[in-house]
Amino acid sequence: MSVIKVTVDGASRELESGSDGFGLFTDKTIVAQRVNGELRDLAHKLQDGDVTEGVAISSPDGLNILRHSAAHVLAQAVQSINPEAKLGIGPPITDGFYYDFDVETPFAPEDLKALEKAMDRIIRQGQRFIRRVTNDGDATVELSNEPYKIELIGLKGSDAVGEGSAEVGAGELTIYDNVDPQTGNVVWKDLCRGPHLPNTRMIGNGYALTRSAAAYWRGNENNKQLQRIYGTAWPTKDELRAHQERLEEAARRDHRRLGAELDLFSFPEEIGSGLAVFHPKGGIMRRVMEDYSRKRHEESGYEFVYSPHITKSNLFEQSGHLAWYADGMFPPMVMDEEVDENGVVRKQGQNYYLKPMNCPFHILIFKSQARSYRDLPLRMFEFGSVYRYEKSGVLHGLTRVRGMTQDDAHLFVTPDNMEEELTKVLGFVLGLLRDYGLDDFYLELSTKEEGNPKFVGDPAIWETATATLQKVATASGLELVPDPGGAAFYGPKISVQARDAIGRTWQMSTIQLDFNLPERFDLEYTAPDGTKQRPVMIHRALFGSIERFFGVLTEHYAGHFPPWLAPVQVVGVPIAEAFSPYLHSIADRLKAAGVRVTIDDSDDRMQKKIRNHTMAKVPFILLAGGEDEAAGAVSFRFRDGHQENGIPVDDAVARILKAIEDKVQV
RNA sequence: GCCGACUUGGCGCAAUUGGCAGCGCACCGUACUUGUAAUACGGGGGUUAGGGGUUCAAGUCCCCUAGUCGGCUCCA
């Protein structure tokens, strides 16, 4: 019996040759091993000189393995119920997994319950996942009933594999056999790179099937749609439950639900999909958000411009929008030409379009006069309403709409200004987002894809512009995530991603360089030496759109808006009717200072009023009864239920005003 | 746009195999005036998303349209 030397979790050990991970990692939470940097099954036999370490089920790799194995069991369950189902792919994803199937009849919600039962049976059997090396020829014969798997084999090692990389990799081709431990029979098999859990029992009961949906084969809408089943899987039932509670928390924060509950906005069917109306309470919030933004823009050297909602087609022909994005635009309003009795055109026909972007209008303002380098940087700002014909399936509350108002700015700068101006813009954007209560950011730098002809403009300008963006982004000190190939065809961009109160990330602002439009509109300014030069254009939307930002803030705050944004800031609740005049006198002082305050003089019981206004998420409930009035005081009750009684009225008023002024949360 | 599910008073939901459209909240009225999350009693409100079909009979079954939700694709 020969001996091999192996490094195990950093320690050197001597083992009998032929040893595998099972002997080394007896801890049941170790489900796989990483050998020389590669993830392997525990059953993988080690060679002399190997370096191996255990992979715990709760580690990121371990969770992926768990979820991938759960996906296999799901597929096995599906085929046990419907042997005709053809297998697509089944990878782990964030928090779970999915598996795609080609089936005659799509899965119904009831099917998921039956599938979970079938999965439970497989899991309880403790079937072993056994890796088997094969080759293209043998696998093609063996999987002749699985056309999608055969397609993947054909793509093996090529970039085109894409989503199928869990099935086939660049290395050897492998099939995993599921072996019944009682009989030793192979009960199921799937083309797969692995690794897997040692057996199905380790999946345990911390998994659930969540939903079914259709998905295009290999993510291409020209391909057939397969039926996808999503699931989630965790090492323990408790962790599954915690995950489900996180989802429930997200559902409680859903801006669509809160928008209705708090009477902020709605989407009347009569208007059309993706077109919102803001109710008075939502209207107050929008106005406050917009007013503050206006004030900050004014302080930062922006000039306010206005432009119409529609334009003749030639503007969007010149800008290129009609050529590039016609599908995403509402169809034109057609003004027919008028012809007299002799067939002579009396009035030429015209097509008018709803605008999908504001930039061409701002460009025309730039072009309205000859510009000098002294005019630059020129910063134009507009709350510009734009309309985009988003496909019906993508509409989603306020975050994906067909009519929206962008807080849009276009900055025209000389190439020399570019770095300084970008630095200012990024600082401005981050500062303003912080004022609205978002403070956890990272940046994404979207650059062009080398060799792709869709990117227009001089490569040298791209290079300097990208380098400038990179420099500015790095100087901000924020984490910078590269997004190669993510640039628009006309220029690179930085986007600001914000994490909300429960850790979800939202793309907020984008700062985008544009080399296309200045060219198309032949923009120029006179340089100090008298020559004509082309300005650089920066597009910048801060909130993205007011609607979307409104939705994000609603979810971030879970409807508990800070006082400065809250539609109703203070509600007074008299302990008994007799104390209403006293509360009104306090409310009058607040009102005079601009506070949005009401007194609840309804004949509900006091407790009911507290309940109502707490559920309406009013930041300050002020109560006053005999004790308060006698002391010249008032009592606070807050949304979280805590109370502070007997606060002198002057202090109470000052405290409310300060909370609003400082934009703090209470 | 594609696949699936769903749509019942303002809101949230019920209604057995096709057999009298109901409940809670909200709203309106009356009484009550209370110290920190639901006072009591009474009242009004629905052509079951819209349209068509099957049937003695349709909220329920079938078809079309619109909208919503979950995904896929897309997102200047």
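What's counted below: heavy atoms across the whole structure, side chains too, no hydrogens, waters or symmetry copies. By convention in this document, chain letters (A, B, ...) are assigned in the order of the sequence lines, proteins followed by strands, and residues within each chain are numbered from 1.
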Hey, is the side chain of A:Glu221 pairing donor to acceptor with the base of B:U73 inside 3.5 Å? no
Taking salt bridge (Lys or Arg N to Asp or Glu O under 4.0 Å) as the test, write out the residues that go with A:Lys312, two or more places apart. none
Name the closest nucleotide to the A:Arg605 side chain, picking from B:U39, B:A76, B:A37. B:U39
Need one value for A:Asn220: base, sugar-phosphate or nothing, where a base atom within 4.0 Å counts as base even if backbone is also close, heavy atoms only. nothing
Atom CD1 of A:Ile93 and atom C1' of B:G70: how far apart are they, to the nearest Å? 13 Å
Is the terminal nitrogen or CZ of A:Lys448 (NZ for Lys, CZ for Arg) located under 6.0 angstrom from the six-membered ring centre of A:Trp462 and within 45° of that ring's axis? yes
Under 3.5 Å, is there any donor-acceptor pair linking the side chain of A:Tyr216 to the base of B:G1? yes
Regarding A:Gly320, tell me which of base, sugar-phosphate or nothing describes its non-hydrogen contacts under 4.0 Å with the strands shown. nothing
What's the closest nucleotide to the side chain of A:Arg400 if the choices are B:U73, B:C75, B:U34? B:C75
Inter-nucleotide C1' distance (B:G12, B:C6), Å rounded: 16 Å
Residue A:Val394, side-chain atoms from C-beta onward, closest of B:U33, B:C74, B:A76: B:C74
When the P atoms of B:U16 and B:G22 are compared, how many Å lie between them, rounded to an integer? 14 Å
Taking the six-membered ring for Trp, are the ring centroids of A:Phe515 and A:Tyr490 within less than 6.0 Å of each other? no
Assess, by modelled atom type and distance only, whether the side chains of A:Asn645 and A:Gln643 contain a donor and an acceptor separated by less than 3.5 Å. yes
Name the nucleic acid region contacted by A:Asn612, choosing base, sugar-phosphate or nothing; use a 4.0 angstrom heavy-atom cut-off, strictly under. nothing
Just to be sure I understand the rule, does A:Ser635 reach a base, reach only the sugar-phosphate, or reach nothing, if contact means heavy atoms closer than 4.0 Å? base
By nearest atom, which of the nucleotides B:U36, B:A37, B:G1 is closest to the A:Ser392 side chain? B:G1
Once you round it to whole Å, what is the distance between P of B:C2 and CG of A:Asp327? 14 Å
In this structure, how many angstroms lie between the P atom of B:C3 and the NZ atom of A:Lys224, rounded? 12 Å
On the nucleotide B:G70, are OP1 or OP2 found under 4.0 Å from the side-chain N or O atoms that A:Arg256 carries? yes
Describe the nucleic acid contact of A:Gly626 in one word from base, sugar-phosphate, nothing, applying a heavy-atom distance below 4.0 Å. base
What is the distance from CZ of A:Arg218 to C1' of B:C72, rounded to the nearest Å? 15 Å
OP1 or OP2 of B:G67 sitting under 4.0 Å from any side-chain N/O of A:Ser273? yes
Which nucleotides of RNA chain B pair, in dot-bracket form (Watson-Crick or G-U under 3.5 Å, | meaning another strand): (((((((..((((.....[..)))).(((((.......))))).....(((((..]....))))))))))))....
Taking only side-chain nitrogens and oxygens of A:Arg637, does any of them come within less than 4.0 Å of OP1 or OP2 of B:A37? yes
Run the ring pair (Phe, Tyr, Trp, His ring centres under 6.0 Å) test on A:Phe101 and A:Phe107 for me, step by step, so that the C-alpha distance in whole Å, both residues' side-chain angles and the decisive distance to 0.1 Å come before the verdict. CA-CA 10 Å; A:Phe101 306 93; A:Phe107 299 102; 5.8 Å; yes
Nearest-neighbour nucleotide for the A:Lys608 side chain, B:C32, B:A38, B:G1 considered: B:A38
Would you say A:His396 places a side-chain N or O within less than 4.0 Å of OP1 or OP2 belonging to B:G70? yes
Base, sugar-phosphate alone, or nothing: which one does A:Gln607 contact when heavy atoms must sit under 4.0 Å apart? sugar-phosphate
Proximal nucleotide (of B:G1, B:G35, B:U36) relative to the A:Leu623 side chain: B:U36
Could you tell me if A:Arg256 sits above the aromatic ring of A:Phe267, with its cationic atom closer than 6.0 Å to the ring centre and no more than 45 degrees from the axis? no
What class does the angle between the rings of A:Phe278 and A:Phe265 fall in, given that below 30° is parallel, 30 to 60° is tilted and above 60° is perpendicular? tilted
Using a 4.0 Å heavy-atom cut-off across all strands, classify A:Phe489 as base, sugar-phosphate, or nothing. nothing
Would you mind classifying the nucleic acid contact of A:Ala215 as base, sugar-phosphate or nothing, using non-hydrogen atoms under 4.0 angstrom? sugar-phosphate
Expressed in whole Å, how much space separates the P atoms belonging to B:G9 and B:A14? 13 Å
Take atom CD of A:Glu245 as the centre, draw a 6.0 Å sphere, and report whether it contains more than 12 heavy atoms from other residues, nucleotides or ligands. yes
In whole angstrom, give me the gap between the P atoms of B:U34 and B:U39. 15 Å
When you match A:His321 and A:Ala213 each to their closest nucleotide on RNA chain B, which lands nearer the 5' end? A:Ala213
Pair of N/O donor and acceptor under 3.5 Å linking B:C2 base with A:Gln225 side chain: yes
Using the P atom as the point on both nucleotides, what is the distance between B:G52 and B:G59, in whole Å? 14 Å
A:Lys391 NZ - B:C72 P separation (whole Å): 13 Å
If you look at every strand shown and take non-hydrogen atoms under 4.0 Å, does A:Gln227 touch a base, only sugar-phosphate, or nothing? sugar-phosphate
Looking across every strand, which nucleic acid part, if any, lies under 4.0 Å from A:Pro574 by heavy atom: base, sugar-phosphate, or nothing? nothing
What integer number of Å spans the P atoms of B:A21 and B:G46? 14 Å
Measure centre to centre between the rings of A:Phe97 and A:Tyr207, then say whether the value is under 6.0 Å. no
So which one's nearest nucleotide on RNA chain B is more toward 5', A:Asp628 or A:Tyr389? A:Tyr389
What is the distance from CE of A:Met404 to P of B:A76, rounded to the nearest Å? 10 Å
What is the distance, to the nearest angstrom, from the CG atom on A:Leu226 to the C1' atom on B:C72? 10 Å
Can you check the distance between B:A26 and B:G18, where both ends of the measurement are the C1' atom (answer in whole Å)? 33 Å
Nearest-Å distance, CZ (A:Phe267) to C1' (B:C69)? 14 Å
When you check the phosphate oxygens OP1 and OP2 of B:C72, does a side-chain N or O of A:Tyr230 lie under 4.0 Å from one of them? yes
Rounded to the nearest 0.5 Å, what's the gap from CD on A:Glu444 to NZ on A:Lys493? Could you check? 8.0 Å
For A:Ser385 and A:Met404, what are the C-alpha separation, side-chain angles and deciding distance, and is it a side chain to side chain contact (heavy atoms under 4.5 Å, CB included)? CA-CA 5 Å; A:Ser385 294; A:Met404 58 179 173; over 6 Å; no
In whole Å, measure the gap between the C1' atoms of B:U8 and B:U47 for me. 12 Å
